[in-house]
Amino acid sequence: MASVRIVSLLSLVGIACAGIINNADMSPAQLFPRASSGCPTNGQISCHNTTTQTNLCCFESPGGLLLQTQFWDTSGPGTALPTTWTVHGLWPDHCDTTFSENCDSSRDYTDITTIIQNAGQTELLNFMNTFWLDINGNNEQFWAHEWATHGTCYSTLRLACIPSGSPTGTEAVDFFLTVEKLFKSLPTFQWLEQAGITPSSSRTFTLSQLTSALKTASGVTPALDCSGTAINQISWYFNLQGSIIDGTFIPIDAPKAGSCASSGLTYPPKPGSTGTSTAPTPGSVPTKSTVGVLTSSGTVTGGVLTAGTWSVQTPATFTTTPSGSGFTLTTSKGPCAVISGQFECGSGISPSVFGSTTSGSHLLITFGGSSAFSAASVPSGTTQVPIKSGSGSGLAISLVFNSA
């Protein structure tokens, strides 16, 4: 492949949608819903099948070894994000690590922005314009390249696998949505930061230091690529059970090493940053606060309990402690973290580093640079609902400090 690569891990929640409806009174999101693959949840896992698979709409082949790749850019637009890596792509390698590219020129879509806007996916487009950045500022060209080069090679995104009558580009929107979900589940910067590894103009690292820190946080070993001694890309590897649209991504150790040497590696700060993370401005984040749940309707409904679940019962008091470029959260049960995509608090948990951002009068909690969280439903009575990072559980929510 012409470019260097990186990998990520995650288990995606399937999204069920109604069929496409042709109704001029409906919004773009209703006219262009994300399709359900209709695939079973217990199908064969890519690269691990014991029998020949014939339904390639529900079994990814031959590209069953998936890489979510991220950049650490020290030039170009990505330097505006000093505490996050940025998206490169999601690549379907063959199980033997070879690969195919540019698999269907008839679907080389060029106006990705319009396709996404017509789908009503404004949040996705905002995400891509923030975190999926071309080094030369040509985002549209970069997205079109990643789709044409890699996206068209997914067997589970062939037109035969998409509902008949779907608008042009439906499968590309599904591709970009899945990349967003995977990237949000892989906060590479924060995972390194938790191990005391931050960008520096003077420190050097061994490859083992970096990969061990990332494995401790994620459970798997990624591949790191370098330009000279400077790390500039990471690849998180997966196998897939089901369709890329709503299947389960199963994280695995990288089957081969990246291009970095074993020692003397640098993690250069992005221009304009200090080289190391800085704590939040005093007073910008409350020392103690309850955490409410802001729904898409703009109202705060209930709050977060001591174990990290959403409830309409009396919310817990959270303590914030500055840590690197953000802060940690603790309740009476213990530190809080995002573990396998779920927000949890408890004894023995290694804390995640969170951030904050403002939205109107609200101070929102962020994770991995995003304020997007989700849940399966709104709780009632004594029901407690798990909170997921990212927007994959169907109901989009934000976590807001009640006493900022």
Side-chain angles (χ1 to χ4, degrees), residues 1 3-13 45-47 60 63-73 78 81 84-95 97 99 101 124 127-128 130-134 142-143 145-147 149-154 156-157 172 174-192 210-211 214-215 217-225 231-259 338 340-341 367-370 372 388-392:
M1 196 162 277
S3 45
V4 196
R5 318 171 123 189
I6 54 184
V7 171
S8 274
L9 51 86
L10 169 70
S11 190
L12 290 181
V13 178
I45 298 171
S46 64
C47 300
E60 192 57 56
L65 180 65
L66 279 61
L67 297 76
Q68 199 285 299
T69 54
Q70 302 174 10
F71 284 132
W72 180 252
D73 282 332
L81 300 169
T84 185
W85 293 55
T86 56
V87 179
H88 188 169
L90 180 61
W91 304 338
D93 279 10
H94 300 176
C95 300
T97 73
F99 54 87
E101 294 183 337
L124 170 63
F127 164 82
M128 292 170 66
T130 303
F131 296 104
W132 201 333
L133 305 173
D134 178 67
F142 185 29
W143 303 336
H145 165 81
E146 289 300 306
W147 163 253
T149 305
H150 308 293
T152 61
C153 293
Y154 285 94
T156 57
L157 289 179
D174 284 324
F175 169 76
F176 292 119
L177 282 166
T178 293
V179 177
E180 178 190 12
K181 291 177 184 296
L182 277 174
F183 176 78
K184 286 180 175 179
S185 75
L186 299 162
T188 301
F189 186 95
Q190 284 74 14
W191 283 343
L192 288 170
L210 299 169
T211 56
L214 293 166
K215 182 163 188 172
S218 69
V220 292
T221 301
L224 286 165
D225 291 300
I231 58 174
N232 67 351
Q233 187 166 252
I234 186 169
S235 295
W236 297 98
Y237 283 81
F238 300 86
N239 292 134
L240 178 63
Q241 185 176 36
S243 166
I244 187 176
I245 295 173
D246 54 10
T248 299
F249 282 75
I250 301 168
I252 62 172
D253 290 331
K256 60 181 181 180
S259 64
V338 174
S340 299
F367 177 70
S370 172
K388 303 287 188 177
S389 62
S391 54

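On a predicted model such as this, the values are computed, not experimentally measured, just so you know.
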Check: [X] side chain, [Y] main-chain N or O, donor-acceptor pair, under 3.5 Å:
{"X": "Asn239", "Y": "Gly64", "value": "yes"}
{"X": "Asp225", "Y": "Ser259", "value": "yes"}
{"X": "Thr178", "Y": "Ile244", "value": "yes"}
{"X": "Trp132", "Y": "His88", "value": "yes"}
{"X": "Glu146", "Y": "Leu90", "value": "no"}

Do [X] and [Y] come close enough that some side-chain heavy atom pair is under 4.5 Å?
{"X": "Phe183", "Y": "Thr84", "value": "yes"}
{"X": "Phe249", "Y": "Lys181", "value": "no"}
{"X": "Leu192", "Y": "Leu214", "value": "yes"}
{"X": "Lys215", "Y": "Asp253", "value": "yes"}

Can you see which heavy atom on [X] is nearest to which on [Y], and at what distance?
{"X": "Ile231", "Y": "Trp72", "answer": "O-CD1, 3.8 Å"}
{"X": "Leu67", "Y": "Leu65", "answer": "CD1-O, 3.6 Å"}
{"X": "Ser46", "Y": "Glu60", "answer": "CB-O, 3.7 Å"}
{"X": "Ile245", "Y": "Thr156", "answer": "CD1-O, 4.4 Å"}
{"X": "Ser185", "Y": "Trp191", "answer": "O-CH2, 3.5 Å"}
{"X": "Leu157", "Y": "Phe175", "answer": "CD1-CB, 3.9 Å"}

Give, for atom [atom1] of [X] and atom [atom2] of [Y], the distance between the pair rounded to the nearest 0.5 Å.
{"X": "Thr86", "Y": "Asp73", "atom1": "OG1", "atom2": "CG", "value": "4.5 Å"}
{"X": "Lys184", "Y": "Phe131", "atom1": "NZ", "atom2": "CZ", "value": "8.0 Å"}
{"X": "Ile252", "Y": "Leu66", "atom1": "CD1", "atom2": "CG", "value": "9.0 Å"}
{"X": "Ile250", "Y": "Leu240", "atom1": "CD1", "atom2": "CG", "value": "7.5 Å"}
{"X": "Ser243", "Y": "Tyr154", "atom1": "OG", "atom2": "OH", "value": "11.0 Å"}

Q: Dump the intermediate steps for side chain to side chain contact (heavy atoms under 4.5 Å, CB included) on Leu133 and Leu81, then the final yes or no.
A: CA-CA 11 Å; Leu133 305 173; Leu81 300 169; 4.2 Å; yes

Q. Between Phe71 and Asn232, does a side chain to side chain contact (heavy atoms under 4.5 Å, CB included) hold up when you go through it step by step?
A. CA-CA 6 Å; Phe71 284 132; Asn232 67 351; over 6 Å; no

**Q.** Under 3.5 Å side-chain donor-acceptor pair for Glu101 and Thr149
**A.** no

Q | side chain to side chain contact (heavy atoms under 4.5 Å, CB included) between Phe176 and Phe127, worked out | A | CA-CA 10 Å; Phe176 292 119; Phe127 164 82; over 6 Å; no

Q: Would you please name every residue forming a side-chain contact (heavy atoms from CB on, under 4.5 Å) with Ser389, sequence neighbours left out?
A: Val338, Phe367, Phe373

